[in-house]
Structures are given as structure tokens and as C-alpha cells.
Amino acid sequence: MSATEGLSELDTAPGRTNRLDTVALATEQPDDAQPYAELGLKDDEYARIREILGRRPTTAELAMYSVMWSEHCSYKSSKVHLRRFGDLPKSDALLVGMGENAGVVDVGEGYAVTFKVESHNHPSYVEPYQGAATGVGGIVRDILTMGARPIAVMDSLRFGRADAPDTARVLPGVVAGVGGYGNCLGLPNIGGELLFDDCYAGNPLVNALCVGVLRHEELQLAKAEGVGNKVVLFGARTGGDGIGGVSVLASETFDAEGPAKRPAVQVGDPFTEKLLIEACLEIFAAGLVTGIQDLGGAGISCATSELAAAGSGGMAIDLDAVPLRDSTLTPAEILMSESQERMCAIVEPDKVEAFLAVCAKWDVLATVIGEVTDGDRLTIDWHGERIIDVPPRTVALEGPRYERPMSRPADLDALQADTPPSSSADLRADWLAVVSSPDGADKSWVTEQYDRYVRGNTVLAQPEDAGVLRIDESSNLGIALSLDGNARYARLDPYTGAQLNLAEAYRNVAVSGAKPLAVTNCLNFGSPENPEVMWQFAEAVRGLADGCRELGLPVTGGNVSLYNQTGDVAINPTPVIGVLGVHADVTRRVPTGWRADGESVLLLGETRPEFGGSAWAAVVHGHLGGLPPRLDLAAERSLGEVLTSLAADGLVSSAHDLADGGLAQALTESALRYGTGARLNVTGDPTAALFGESVARVVVTTADPAAVRAVAEAAGVPVTELGTTGGDALVLDGLLELPLAELRAAWTATLPALFGSPEVAVGTVPAGTVPTS
Amino acid sequence: MSQVVVDVVLKPEISDPQGQAVLGALGRLGHTGVRSVRQGKHFVLEVDGEPDEAELRQIAETLLANPVIEDVELHLPARTTD
Amino acid sequence: MSQVVVDVVLKPEISDPQGQAVLGALGRLGHTGVRSVRQGKHFVLEVDGEPDEAELRQIAETLLANPVIEDVELHLPARTTD
Amino acid sequence: MRIGVITFPGSLDDVDAARAVRLAGGEPVALWHADHDLKDVDAVVLPGGFSYGDYLRAGAIAARSPLMADVVAAARGGLPVLGICNGFQVLCEAGLLPGALTRNGHLHFRNRDQGLLVERADTAWTSSFEQGQRIVVPVKNGEGRYVAAPAELDRLEGEGRVVVRYVDGNPNGSSRDIAGVTSADGRVVGLMPHPEHAVEELTGPSVDGLGFFTSVLSALVVAA
Ligand SMILES: Nc1ncnc2c1ncn2[C@@H]1O[C@H](COP(=O)(O)OP(=O)(O)O)[C@@H](O)[C@H]1O
Ligand SMILES: [Mg+2]
């Protein structure tokens with residue numbers, strides 16, 4: 001039975017036909033059987049609800065608890081582990097930490113930045129375009145809720161094998177959805193990831209990040225204070241789409257037939273969201289709200305209970321006031337609907353008129369639906385009868401919490417013992433194979449569908465290592481962001497893998513010249529009811545927390561997505577880590593591409609023969625095993641400091657981090673960016689040199705190699721001189737020669753061949769009519 | 001050759017921002033008698049010979065429409081030519 | 001209340017890449033009997049009372065379609081309700 | 001010189017257009033679609049974006065907004081008007097420019113740095129360029145394919161109404177590689193590429209876009 005069907009039967013259950021289930025009725029008929037299991041509640045959870053209320057819940061209360069206590073909304077399996085992030089040492093930069101809609105970080109000059117990454121995996125599998133689009137819409141509202149103007153998005157995407165038929169169904173829709181929504185909102189897309197692996201075949205990952213900026217004093221919080229203050233619902237009308245969608249859908253496993261509970265999909269309306277953004281910012285600027293919350297998973301249930309729970313009083317809502325798109329909705333459905341593009345604000349009575357006027361200016365529907373009360377109950381009335389009367393904290397904050405059993409995966413020892421090959425039979429062929437593999441290939445087919453220019457502050461965007469944005473046009477203050485998540489490493493060792501992902505994101509931000517400041521994350525794992533998955537999850541969290549401690553970075557927030565599996569088979573553990581950095585002067589940003597001939601190419605950092613979980617082992621040998629590269633956060637930190645100082649002093653003209661695909665991948669990308677080759681000489685074992693994935697390494701180009709060497713060596717960062725830029729080939733003395741044209745052809749052909757040619761569209765003109773003057 | 005028309009409309013419970021936007025524009029232009037607008041897609045297919053209803057229905061329901069959010073209306077031979 | 005349907009189709013001389021893409025997909029799926037596909041828009045309007053044909057034609061021709069590239073087909077009362 | 005920049009619901013590049021006006025030396029003036037007030041500006045820019053979500057047809061609903069009636073009247077009287085991307089779509093829908101902009105031939109939104117050939121360096125918005133000059137400016141659109149009946153295209157070509165043409169690849173399948181056209185009097189120009197995104201070394205692929213904004217400022221000086 002679907003969640004929706006379960007609900008519609010509630011009000012027509014035997015003995016209650018045509019009679020609204022009210023608090024009075026629940027007291028009168030305490031023993032009515034209720035379909036709590038169909039709504040995803042366990043026996044003991046249902047018993048707890050009865051205990052909290054001292055009676056059975058009404059239908060509407062049952063709906064509210066079931067969505068709020070779902071895995072997606074309550075974090076019941078993950079909370080005990082996530083606590084580790086909260087235990088990190090206090091950071092001066094952190095203005096608002098985990099727990100709010102998004103963390104807020106001080107970036108100086110009175111500015112603050114808020115950023116967060118969130119998953120929309122399950123909806124994107126069911127309806128790729130709308131699933132991805134509404135994923136972007138949801139994370140943007142989280143950022144807006146903090147009082148910030150959203151200024152950019154990023155997307156981290158994973159699909160099944162690139163040549164699998166279902167990938168051809170899902171990927172184009174997801175990319176079009178991410179682009180369709182973000183472009184229409186006017187948010188530049190400044191980077192992300194696109195990776196393929198069989199493990200995502202029935203469960204693609206769509207993680208979206210949004211970043212926003214505000215002045216310190218503009219911060220808004222999600223709480224309902226002030227008795228008599230009005231509760232205003234604004235934005236789109238509430239419809240029957242996505243009832244229990246995100247919460248229920250993301251809280252269970254897909255079997256072969258797809259999700260057992262298939263709720264109606266939500267359709268995004270980015271235009272309405274754009275109006276909502278502008279209206280909110282005008283409302284914030286005029287000081288018209290005392291608290292605000294977006295409506296995402298669990299809709300009105302979530303917004304009202306969270307606002308009330310965060311405040312000191314209660315709240316009374318008149319559900320009849322909610323503007324509906326479909327007049328046949330039952331009260332439980334209204335409470336659970338996940339219709340998009342809605343927000344809820346707490347407004348002082350004498351500011352309501354001004355609030356509504358701003359909404360009217362932007363064509364945004366706004367309705368007073370209730371007020372803050374002095375009790376400690378959240379009450380909701382429908383047709384004059386009380387259908388909800390609950391302590392809001394029990395709904396929003398005191399949901400169930402599990403210490404689920406954990407066990408180290410039985411196959412892990414064998415996997416780690418299965419070390420990869422370590423020698424390439426044909427360096428040139430392997431190089432081309434790695435850079436033309438779907439993971440290594442040019443991503444323009446995707447990124448050209450995203451607007452990177454809108455708002456005019458994009459300093460660097462894909463295919464750079466980090467996205468860089470200018471925040472202040474007069475001071476050139478700016479930020480950098482990177483999202484990284486290597487799931488092969490995490491599969492081999494989730495503790496180290498999570499830290500390696502953190503290290504990569506950190507390095508990517510440092511490469512641009514920024515100083516890393518804070519971390520967000522999206523943890524994509526299989527079913528928490530599987531002890532091996534739970535162990536992977538706990539290890540990844542522990543790793544990320546330890547890594548953040550060592551790098552001195554706070555975790556500002558994030559998202560957990562569980563039940564990512566098909567049947568019994570979980571995805572590889574996929575912790576996606578986002579690092580935010582600050583640029584004191586964005587004009588000093590360092591790009592990845594080589595432009596000038598005759599510059600020295602230097603490798604910073606140390607290379608070891610490390611192939612476990614490497615792209616080369618995967619692409620060339622179809623191998624996943626051994627241990628991931630050795631983590632060295634101290635080296636990352638020194639390297640980061642060197643990079644920031646080289647950038648500030650203008651000593652390097654480019655810098656590119658080494659990650660998947662090692663040196664071969666990095667050199668390919670730097671050379672092809674502007675079509676500048678190089679003549680280089682690598683020493684030591686060539687396979688390790690070209691394809692090994694040792695961490696804490698970066699390739700830089702400079703006109704002043706002696707100065708770079710001095711700075712690096714002073715910080716204990718090893719420097720290897722590789723050669724000089726120039727020419728139209730990558731020449732590695734004694735090893736191989738790759739003409740850039742050949743390399744470019746291999747690198748750019750892959751995605752268009754798989755997903756359709758993005759090539760120059762054919763004009764409708766006969767050739768020859770185009771004047772040449 | 002015959003001509004087949006397939007109209008694809010959003011399921012009633014799915015929101016239709018485009019239709020809403022058109023309705024808003026009509027209101028501002030003074031056409032206040034229009035109560036609602038829903039926007040869908042209209043396909044005109046030319047098929048060889050007599051149309052095969054089962055095949056066309058399958059095409060309509062699996063390719064032209066996304067059954068998760070849309071319904072289809074199949075109009076077979078609107079008219080037959082030649 | 002009555003229901004009015006407006007179909008908007010591209011003029012024949014304007015190329016239709018969406019229709020082309022559908023045709024290509026049909027070919028790949030083995031539906032080789034389909035010779036051509038054109039994609040247009042399908043509007044369903046609910047109007048108060050009896051529809052005013054002149055007004056609706058004006059709406060269709062000046063707002064729902066762009067006469068530079070599109071033609072319209074107006075289907076007045078597909079059916080009348082209440 | 002006061003250059004108005006109109007904000008419609010869903011306009012996105014209005015802040016960018018205002019910045020470009022400022023960097024070119026003009027004074028940007030914010031105009032609101034629902035007002036009947038052009039605020040005595042000397043020229044008007046219709047910025048890029050997704051007015052009304054591009055619902056129905058790109059630019060269709062914005063073209064029927066109150067302020068557009070004033071823009072149309074003023075343009076017929078010689079007010080310089082520039083439509084960028086969505087602004088170009090609005091100008092076509094409003095009948096100030098010929099033709100129409102339709103779904104890209106490849107059906108994708110496409111953002112790339114685009115080569116353009118300036119074919120008319122004597123309009124109000126292109127006098128800072130040389131005729132035949134090649135420039136690089138970003139394109140980003142999903143409905144940027146310029147179409148008109150073949151006879152209409154012939155007429156436009158004959159009258160020299162094509163202002164900029166795509167070179168080094170046509171990003172959307174536009175007829176005859178047309179990227180921008182002008183009114184007969186050279187005062188109203190529409191183009192799909194985004195000159196306002198090519199006004200600073202830091203953020204653009206070039207600073208070629210500034211020329212559109214400096215052009216109108218000098219045209220206004222000459223006129224004054
Ligand atoms: N889905 C995506 N959305 C936006 N940008 C992407 C996406 N996938 C890849 N990119 C961009 O392409 C570039 C190369 O990606 P990748 O090879 O994964 O980088 P890295 O090795 O630094 O992790 C990066 O700038 C990244 O931001
Ligand atoms: Mg990187």
C-alpha cells in the first residue's frame with residue numbers, strides 16, 4: 001500500500017466513515033486500529049506516540065508523527081554518530097552551527113556565508129528531471145531561510161555504468177533538471193562531480209549544494225517567538241503532489257520494481273521560487289519577520305512543529321486557511337504534502353500588512369494561517385474541530401533514536417588483501433584510457449547546460465578545481481568551494497576514505513588560492529538496518545570528524561541519505577564533502593590551465609606507488625581492492641598554506657590538484673584548458689608517477705621556479721621540477737608523446753558519444769549565404 | 001498515410017506552473033472570464049498505412065508522456081490522407 | 001462553465017527539433033512506421049458561461065500562439081459542464 | 001547618461017546589466033515592469049533571464065507587461081533599446097524586432113564563450129566596434145534559435161539588419177547564424193549573447209561586451 005493510499009483510508013476506516021477524526025474522537029474511541037505500520041512507524045514508535053499523547057493519535061497526528069519520525073526527517077539511525085561533528089572544537093568563524101537549516105560562517109568584512117549540500121537521490125530515480133530540479137529548489141530554500149541571498153549552486157552526481165540503458169534515461173533528465181531549475185533561478189553553477197559506477201545503477205545520487213551570502217546582522221532563525229505573532233504561509237498553493245514524498249521515499253529501500261511506496265512526484269516551479277527569493281530578501285531587509293522556515297520534506301507538519309519547538313511557546317494553526325490547489329485534500333494530506341516553493345514566517349501583527357504588501361508586489365500568495373500562543377502545545381484545527389494537539393518538541397526534536405548494530409563488512413579483509421596491479425604495460429594507451437573514461441573525460445556536455453555567468457561574480461567555475469565567487473566588488477573579498485567524494489576509497493576503508501575526500505576538497509579550495517574555512521557534507525549510504533552499512537556509516541563519520549579536527553575546520557551542516565540500495569545491494573559508501581574557503585582578494589585566484597609558453601612546471605608533494613582504489617586500476621584493470629592512498633593531513637595542511645601564500649604573492653600562474661587519475665589526468669586537464677603543451681621529465685617508477693594517487697600533491701606553473709621552491713621547501717613541501725610549458729603536445733621524455741589534438745579528441749568524445757552530440761547545431765541556412773566581411 | 005494526434009496533459013494533481021502563468025497573464029490583460037488554464041503537449045504523427053492502435057498507445061504512454069506525471073489522449077485517425 | 005481547447009502548432013516552414021528528436025527516438029525503438037512527428041502545445045481553458053468565440057480566438061492568436069511562427073486550432077466547447 | 005534596466009518577474013541579469021552600464025560610464029536606473037514609468041531615461045536595456053519562467057514562450061508574457069507599452073511607444077520615437085537574450089525574446093514578442101526565438105536545435109540549454117562577428121557598427125548599440133570585428137561574448141540560452149520565414153530573412157539580410165552573427169560554431173541552430181538584429185532605424189537592437197557578462201577580466205571571457213554599453217553612451221552624446 002502506498003503512503004497516500006494508507007492515508008486516504010484513514011478517514012474512512014471502519015466505524016469512522018465520513019467522520020473527521022478529531023482529538024475528541026480519539027479520546028472517545030481510544031482503541032481504533034490505526035495503519036501506523038503502513039506509514040512506516042514501528043510498534044514501539046507507535047506506542048511512544050500513544051504514551052506522549054496519553055491517548056491514540058488522531059489521523060492527522062499520526063500523519064504528522066510518521067513523516068517527522070521518518071529516517072529522512074528525524075535522522076533516527078544517524079544522530080548518535082553525527083554528534084561527533086558537534087563535539088569538534090569551537091571555531092571562531094562559525095556563527096551558526098549544525099542543527100539550523102544551514103550553518104553560517106564569518107568570512108570577514110561583516111559578511112557571512114551559509115552553505116549546505118543535500119541529496120535528492122530517490123526522487124531523481126523516479127522522475128529524473130523533476131527529482132533533480134526540486135532537489136536544487138529545496139537546498140536553495142534552506143539557504144534563503146538563513147537570511148542569505150543564494151549566490152551559487154553545485155551538483156555532485158553519480159550514475160550506473162555510463163553505457164547502461166538506464167543511465168541514458170536518468171542522466172540527461174537529471175542534468176536538465178539541475179540546469180533547468182538553477183538557471184531559471186539565476187544562480188550560477190560553479191562546479192560539482194559526475195561519476196559512474198555499477199553500484200549506482202538502481203540508485204543514482206543527486207546531491208546539490210547551495211551557497212548564500214548575508215551581512216552578519218541579517219541572520220534569520222527558524223523559531224516561533226512572541227505570543228500573538230502571526231504564522232504566515234507563503235509561496236505556492238498546497239497540492240496533492242509528493243504527499244509524504246521525500247520523507248517516506250528516502251526512508252526505504254527500492255526493490256526491483258522501484259519504490260514500493262510510490263508517491264506522486266513533485267513538479268518544481270523555479271519561477272515561483274525566484275519570486276519567493278526576491279520577496280523574502282525584501283522582507284528581511286525591511287525587518288518584517290521574527291522567524292522563518294522553509295517547507296521541504298514533511299511540508300506543513302515539519303515547518304509548524306519545528307518553528308514551535310524552537311521557540312518558547314506554542315502555536316495554533318487553522319488549516320482551513322491554507323490555500324489549496326486541490327479542494328479534495330484531507331487534512332492529513334495537507335499536513336504531509338511536499339508541494340514545492342513554500343515558506344512559513346512568524347510576523348508581528350503590526351507588520352503583517354507590510355509583509356503581505358511585499359508578497360503582493362512579487363505576485364507571491366501569502367496567507368495568515370495561525371499564531372504563536374503562550375501554551376506549549378501545537379494545535380491545528382480543521383472545519384472548526386481540533387485535529388492536532390501535540391507538544392511540538394516531541395514531533396520535531398524528540399523522535400526515536402537508534403544505536404543500530406554494526407559490523408565490519410565480512411568481505412573487507414579479502415578486499416583489502418586483493419592489491420591492484422602496479423605496472424602499466426602501455427603507458428600511452430593507459431593514459432588515453434584513463435582520461436577518456438567516463439569519469440576522466442571532459443564534462444562540458446553537462447556543464448554547458450548550466451549558466452556559470454549569471455550575477456556577474458563568478459571568478460572560477462567548472463572545469464576549475466574549485467568554484468570561486470566574488471562577494472564584494474569594492475574589496476574583492478570572495479569565497480571558494482569544492483565538492484568531492486571518492487566512493488572507491490570509502491569502500492576500501494570508510495574511515496580513511498572520508499578523510500581522503502575531505503583532503504581533496506580542502507586541496508581543491510587551497511589550489512585556487514583560498515584559505516579553507518568550513519565543511520559541509522552529504523552522506524550517501526545503504527540501509528542502516530544492515531549492520532555492515534551502519535559500520536561504514538559510523539566509520540565515515542568518525543573519519544570526517546577526526547579529519548576536521550586535525551585540519552581545524554568545523555562541520556557546519558550537511559545531510560544524510562540512507563537506504564541507497566537496490567534489493568540487498570548497497571551503493572559504495574559515498575560521503576560527499578564540501579569545503580568552503582575564503583579569498584581575501586579574488587583577483588589573486590589561481591586557475592588550473594596553462595596559458596603561457598616557457599613556464600616551469602613543478603610538482604609539489606611526494607609520489608608513492610599507490611594504486612588501491614585508483615582510477616587507473618578501475619579503468620585499465622577493472623580492479624577495486626587494496627588500501628586507498630595513505631592519508632597525510634599534516635602534509636595537506638602545509639601544502640595548503642604554501643598554495644595560499646604562493647597565490648597571495650602572485651608566484652604561480654596555474655595550480656591543479658592531483659586526484660583521480662593522478663598526474664596523467666592533471667596534466668591533461670591543465671594542457672587542454674587553453675591548448676598549451678609541455679615538455680616534461682618524470683623520474684622514478686613511471687606507472688606510479690603517472691597514475692598513482694598519492695595525496696597532498698599539486699602541479700603548478702611559474703615564471704619564478706626558485707621562488708616557488710623556496711616557499712615550498714621552507715614549509716617542508718617537496719618540490720620536483722618536471723619541465724617547461726610550450727608546444728602543442730605533452731611530451732614526457734623517454735616515455736611518451738601525446739599531441740594535444742589527439743588528447744583533446746579522446747578526452748572530449750566520450751560523453752557526447754554516450755549521451756548525444758552537443759556539437760554545433762546545424763543552422764537552417766544553406767552554406768554560402770553567410771557573409772564573410 | 002494517416003495522421004494521429006496525441007495530446008499529453010498533466011495529471012490533475014500535478015501542479016502546472018505554465019498554465020498558472022498564462023492564467024495570470026490573461027487576468028492582467030482583462031480576460032477575466034477564463035477560470036483555469038492547463039498546458040499540455042500536442043503531437044501530430046504521420047504513420048504509414050493504417051495506424052496500429054496498440055503500438056501507438058504504447059508510444060504515447062511510454063515515450064511521449066511520462067506516466068508518473070502525465071496522462072495521454074490518443075486521437076486516431078483524425079483524418080486519412082491518400 | 002465550458003471547456004475550450006486550443007492547439008498551437010508550428011507553421012510548416014518552421015523546423016521542429018523536438019518533433020525531430022521524438023522521431024529519432026521512435027526509429028531507434030523500432031517504430032519505423034512513423035514517418036513524421038510535429039510537436040505543439042495543447043491548452044485546456046475553463047471559461048465562465050458560454051465561450052465567446054471572438055474573444056477566445058483573439059486570446060489564442062495573440063497570446064497563446066506567436067503568429068510569426070505558429071498556427072492555432074480552436075476547439076470550442078469540447079463539452080459543456082454544468 | 002541615464003540607462004534604464006527593466007526588471008520583470010524572473011529577470012536574472014538585471015544586476016549584471018546595471019553593472020555593465022556603470023562600468024561603461026553610464027548611470028543605471030532600475031525600471032519596474034508593472035509601472036508605466038520610464039523615469040526619463042536616455043536608453044533602455046531589457047536584461048536576460050527567465051521572465052515568467054519562460055512559460056508559454058520565452059518573453060511572451062513579459063512583452064505584455066504595462067511598461068512594455070511605454071517602451072514600444074518610446075522606441076518608435078527613437079529611444080535606444082537593447083534586448084539581451086530574454087530581452088531580445090521580449091522585443092520580438094512585442095513586435096519591435098522581426099522574427100522569433102525558438103527552442104535550440106539540439107534541445108539543450110547551452111552556455112559557452114561564443115565568437116561573434118559584428119556586421120553593423122553603426123547602430124546605437126554597436127558604434128564602439130569596427131565593422132567586421134570579431135569578439136567573444138558568452139551565450140547561454142535554451143530558446144535562442146532565431147527563425148523567420150525565408151523571405152523575411154532575405155529581406156532582413158538585404159536591409160543589413162543583422163547586427164551580429166555567430167562565428168566558430170552556431171550554438172543553437174539559429175537561421176543563417178544570426179545572433180542579433182536591429183530595427184530599421186538602428187536604435188533597437190536585440191541579441192542572444194550576453195555582453196554584460198564580458199565586461200571585466202576577472203569574471204568574463206573578454207571585455208568585448210563593454211562596447212555595447214559605451215556605444216549607446218556615445219550615441220547619446222552625439223545626439224545631445
Ligand atoms: N555535475 C557537475 N556539475 C558541475 N560541475 C561539474 C560536474 N561534474 C564535474 N564538474 C566540474 O568538472 C570539473 C572536473 O571534475 P572532476 O574531474 O570530478 O574534478 P576533481 O578531480 O577536481 O574532483 C570540476 O571543476 C567540477 O567542478
Ligand atoms: Mg579536484
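To find a chain, count down the sequence lines: A is the first, B the second, and so on, and within it residues start at 1.
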- Item | From OG (D:S11) to CD (A:E278), nearest 0.5 Å | 10.0 Å
- Item | D:D113 versus chain A, the contacting section by heavy-atom distance below 4.5 Å | side chain
- Between CZ of D:R110 and OG1 of A:T447, what distance do you get to the nearest 0.5 Å? 10.5 Å
- Query: Using non-hydrogen atoms only, which part of D:P205 is less than 4.5 Å away from chain A: side chain, backbone, both, or neither?
  - Reply: both
- CZ-OH distance between D:R112 and A:Y453, expressed to the nearest 0.5 angstrom: 12.0 Å
- Does a side-chain heavy-atom distance below 4.5 Å link A:R452 with D:N111? yes
- Taking every non-hydrogen atom, the tightest pair across A:K361 and D:W32: O-CZ2, 3.7 Å
- Heavy-atom closest pair, residues A:V454 and D:D16: C-OD2, 4.0 Å
- Task: Check the surroundings of atom CD in D:E130: do more than 12 heavy atoms from other residues, nucleotides or ligands lie under 6.0 Å from it?
- Result: no
- Query: Checking A:E473 against chain D: side chain, backbone, both or neither under 4.5 Å from a heavy atom?
  - Reply: side chain
- Item | Exercise: identify the closest heavy-atom pair between A:R470 and D:R19 | NH2-NE, 3.7 Å
- Item | Heavy-atom closest contact (D:G53 atom, A:C184 atom, distance) | CA-SG, 4.0 Å
- Message: Between A:N457 and chain D, with a heavy-atom cut-off of 4.5 Å, which part of the residue counts as in contact: side chain, backbone, both or neither?
- Response: both
- Item | D:Y52 and A:D363: side chain donor to acceptor below 3.5 Å | no
- Message: Measuring from atom NZ of A:K274 to atom CG of D:L12, what distance do you get when rounded to the nearest 0.5 angstrom?
- Response: 5.5 Å
- Query: What residues of residues 169-176 of chain A sit under 4.5 Å from chain D when you count only heavy atoms?
  - Reply: none
- Message: Taking the basic N atoms (NZ, or NE/NH1/NH2) and the acidic carboxylate oxygens, is any pair closer than 4.0 Å for A:E448 and D:K140?
- Response: no
- Largest heavy-atom contact set with chain D, pairs under 4.5 Å, which of A:L275, A:V459, A:N183, A:T458: A:N183
- Pairwise distance CG(A:L185) to CZ(D:F50) - rounded to 0.5 angstrom: 9.5 Å
- Query: In terms of heavy-atom proximity below 4.5 Å to chain A, should D:E196 be classed as side chain, backbone, both, or neither?
  - Reply: neither
- By a 4.5 Å heavy-atom criterion (distance strictly below it), what part of A:T587 contacts chain D: side chain, backbone, both, or neither? both
